Peer 1: 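Mind having a look at this structure? Questions to follow.
What you are looking at is a predicted structure, and each value in this text was computed from that prediction instead of being measured.
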Amino acid sequence: MNFKDVIQVLDVFNISNEEFYKLVDLKEYLVSMKEDNIESSECILTPYYIHENKRLELYEYELNIRKVEKADFEKYLLELTGQKNMEDVPRNVIEVQRNCHIELENDNSFLSINSLIQYVDYILNNVDVRTQVKDCFGSFNVEEIFFAFY
């Protein structure tokens with residue numbers, strides 16, 4: 001089974017001609033899987049909070065799964081931020097990227113189920129996400145966190 005197959009098993013919600021999936025449904029499915037790893041190609045999961053047909057894109061928390069010659073988180077982070085060394089990268093940026101970025105080496109197409117569950121848990125339990133949503137909508141409900149899959 002590959003990651004796209006997992007997404008296709010989930011209920012799809014069509015909102016303004018776009019397809020969204022519930023993040024809690026993804027977690028439930030991943031937890032029920034017997035495999036430790038699934039095949040994956042490059043893709044992006046962009047989380048949204050959707051409440052009463054209004055949505056907030058949580059773009060800074062999108063999961064970016066990318067194929068690379070050699071996995072090197074530090075190199076990726078320095079390129080992303082334009083910094084010369086890790087000491088100059090803010091801690092919150094390091095934390096977000098550690099949880100929202102996965103590099104698969106070109107000769108490996110398998111993604112850990114646990115890394116996906118860790119990402120979902122990070123989004124669902126993140127204090128900054130909850131605060132951002134509450135500031136915008138006045139409340140927070142994990143059932144209203146969706147994602148688009150690209």
Peer 1: Tell me whether the rings of F20 and Y48 are parallel (<30°), tilted (30 to 60°) or perpendicular (>60°).
Peer 2: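 Rings of F20 and Y48: perpendicular, over 60°.
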Peer 1: Rounded to the nearest 0.5 Å, how far does OH of Y61 lie from CG of N99?
Peer 2: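 Nearest 0.5 Å value for the CG-OH distance: 10.0 Å.
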Peer 1: Taking the side chain from K67 and the backbone from N108, do they hold a donor-acceptor pair closer than 3.5 Å?
Peer 2: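 Checking the backbone N and O of N108 against the side chain of K67, a donor-acceptor pair under 3.5 Å is found.
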Peer 1: Is E103 paired with K75 through a side-chain N to carboxylate O contact shorter than 4.0 Å?
Peer 2: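 E103 and K75: not salt-bridged.
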Peer 1: Using 0.5 Å steps for rounding, measure from the CZ atom of R55 to the OG atom of S16.
Peer 2: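 Atom-to-atom, R55:CZ and S16:OG are 5.0 Å apart.
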Peer 1: For the hydrophobic clusters of this structure (ILVMFWY residues joined by side-chain heavy atoms under 4.5 Å, transitively), does one cluster hold both V9 and V120?
Peer 2: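 The answer is yes; both residues are in one hydrophobic cluster.
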Peer 1: Return the minimal non-hydrogen interatomic distance between V96 and E60, and the atom names on each side.
Peer 2: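 The pair with the smallest heavy-atom distance is CG1-O, 3.3 Å.
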Peer 1: Do L80 and F73 sit in the same hydrophobic cluster, where Ile, Leu, Val, Met, Phe, Trp and Tyr count as joined when their side-chain heavy atoms come under 4.5 Å apart?
Peer 2: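 Yes, same cluster.
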Peer 1: Between Y21 and F149, is the gap from one ring center to the other below 6.0 Å?
Peer 2: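 Aromatic pair excluded; centres sit 6.0 Å or further apart.
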Peer 1: In terms of side-chain heavy atoms, does Q132 have a donor or acceptor partner in Y49 at a distance below 3.5 Å?
Peer 2: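 Distance-only check fails for Q132 and Y49.
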Peer 1: Could you go through V142 and R130, starting from their C-alpha distance and side-chain angles, then the distance that decides it, and tell me whether this counts as side-chain contact (heavy atoms from CB on, under 4.5 Å)?
Peer 2: CA-CA 9 Å; V142 294; R130 289 173 180 252; 3.9 Å; yes
Peer 1: Indicate yes or no for a side-chain donor-acceptor contact from N125 to the backbone of D121 under 3.5 Å, with no hydrogens or angles considered.
Peer 2: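 Answer holds: yes.
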Peer 1: Any chance you could measure I117, atom CD1, to L26, atom CG, to the nearest 0.5 Å?
Peer 2: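 With rounding to 0.5 Å, CD1 (I117) is 8.5 Å from CG (L26).
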Peer 1: Nearest heavy-atom pair of H101 and L63: which atoms, and what distance?
Peer 2: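 Answer, listing the atom of H101 first, then L63: N-CD1, 4.0 Å.
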Peer 1: Could you check whether any side-chain N or O of N126 sits under 3.5 Å from a backbone N or O of I123, counting only pairs where one atom can act as donor and the other as acceptor?
Peer 2: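 Here the side-chain-to-backbone pair does not exist.
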Peer 1: Between V93 and L77, is there a side-chain heavy-atom distance shorter than 4.5 Å?
Peer 2: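 Yes - at least one pair of side-chain heavy atoms lies under 4.5 Å apart.
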Peer 1: Between C136 and L56, which heavy-atom pair has the shortest distance, and what is it?
Peer 2: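 Nearest heavy atoms, C136 then L56: CB-CD2, 4.2 Å.
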Peer 1: Side chains of V6 and M33: does their closest heavy-atom pair fall under 4.5 Å?
Peer 2: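 V6 vs M33: side chains touch.
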Peer 1: Would you say N53 has more than 12 foreign heavy atoms packed within less than 6.0 Å of its CG?
Peer 2: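 Not buried by this count: 12 neighbours or fewer within 6.0 Å.
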Peer 1: So, for M1 and I38, which heavy atoms are closest and what is the spacing to 0.1 Å?
Peer 2: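 Heavy atoms of M1 and I38 come nearest at O-CB, 3.6 Å.
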Peer 1: Is it true that atom OH of Y59 has more than 12 heavy atoms of other residues, nucleotides or ligands lying nearer than 6.0 Å?
Peer 2: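 Open.
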Peer 1: Does E28 have more than 12 heavy atoms from other residues, nucleotides or ligands lying within 6.0 Å of its CD?
Peer 2: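 12 or below, so no.
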Peer 1: Taking C-beta and beyond as the side chain, do M86 and I94 meet within less than 4.5 Å on heavy atoms?
Peer 2: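 Of all side-chain heavy-atom pairs linking I94 with M86, at least one is under 4.5 Å.
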Peer 1: Could you walk me through whether F140 and I145 satisfy the side-chain contact (heavy atoms from CB on, under 4.5 Å) test, starting with their C-alpha distance in whole Å, then the side-chain angles of each, then the deciding distance to 0.1 Å, before giving a yes or no?
Peer 2: CA-CA 9 Å; F140 176 85; I145 297 183; 3.5 Å; yes
Peer 1: Membership question, hydrophobic clusters at under 4.5 Å side-chain separation (ILVMFWY): are F137 and I50 in the same one?
Peer 2: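 Hydrophobic grouping puts I50 apart from F137.
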Peer 1: Working to the nearest 0.5 angstrom, can you tell me the gap between Y122 OH and L124 CG?
Peer 2: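 Nearest 0.5 Å value for the OH-CG distance: 12.0 Å.
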Peer 1: Could you work out, with side chain to side chain donor-acceptor pair (under 3.5 Å) as the rule, every residue matching E52, not counting sequence neighbours?
Peer 2: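 E52 satisfies side chain to side chain donor-acceptor pair (under 3.5 Å) with no other residue.
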Peer 1: Mind jotting down which residue pairs meet the side-chain hydrogen bond (donor to acceptor under 3.5 Å, both in side chains) criterion with at least one end in residues 30-46? Sequence neighbours excluded, please.
Peer 2: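 Residue pairs passing side-chain hydrogen bond (donor to acceptor under 3.5 Å, both in side chains), neighbours aside: T46-E62.
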Peer 1: Would a 4.5 Å heavy-atom cut-off, applied to side chains only, mark L78 and K84 as touching?
Peer 2: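 No; the side chains remain at least 4.5 Å from each other.
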Peer 1: L104 vs R66, test: side-chain contact (heavy atoms from CB on, under 4.5 Å). Steps then yes/no.
Peer 2: CA-CA 6 Å; L104 298 176; R66 55 184 226 149; over 6 Å; no
Peer 1: Calculate, to the nearest 0.5 Å, the distance between atoms CD1 and CD belonging to I15 and E18 respectively.
Peer 2: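 CD of E18 is found 9.0 Å from CD1 of I15.
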Peer 1: Run the side-chain contact (heavy atoms from CB on, under 4.5 Å) test on I65 and L116 for me, step by step, so that the C-alpha distance in whole Å, both residues' side-chain angles and the decisive distance to 0.1 Å come before the verdict.
Peer 2: CA-CA 10 Å; I65 300 172; L116 292 171; 4.3 Å; yes
Peer 1: Specify the closest pair of heavy atoms between Y119 and C100, including all atoms of both residues, with the distance to one decimal.
Peer 2: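 For Y119 versus C100, the nearest heavy atoms are CE1-SG, 3.8 Å.
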Peer 1: Check for a donor-acceptor pair, side chain of S112 on one end and backbone N or O of N114 on the other, with a separation under 3.5 Å.
Peer 2: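 Here the side-chain-to-backbone pair exists.
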Peer 1: CZ of F147 to CG of L23: how many Å apart, nearest 0.5 Å?
Peer 2: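 It comes to 6.5 Å.
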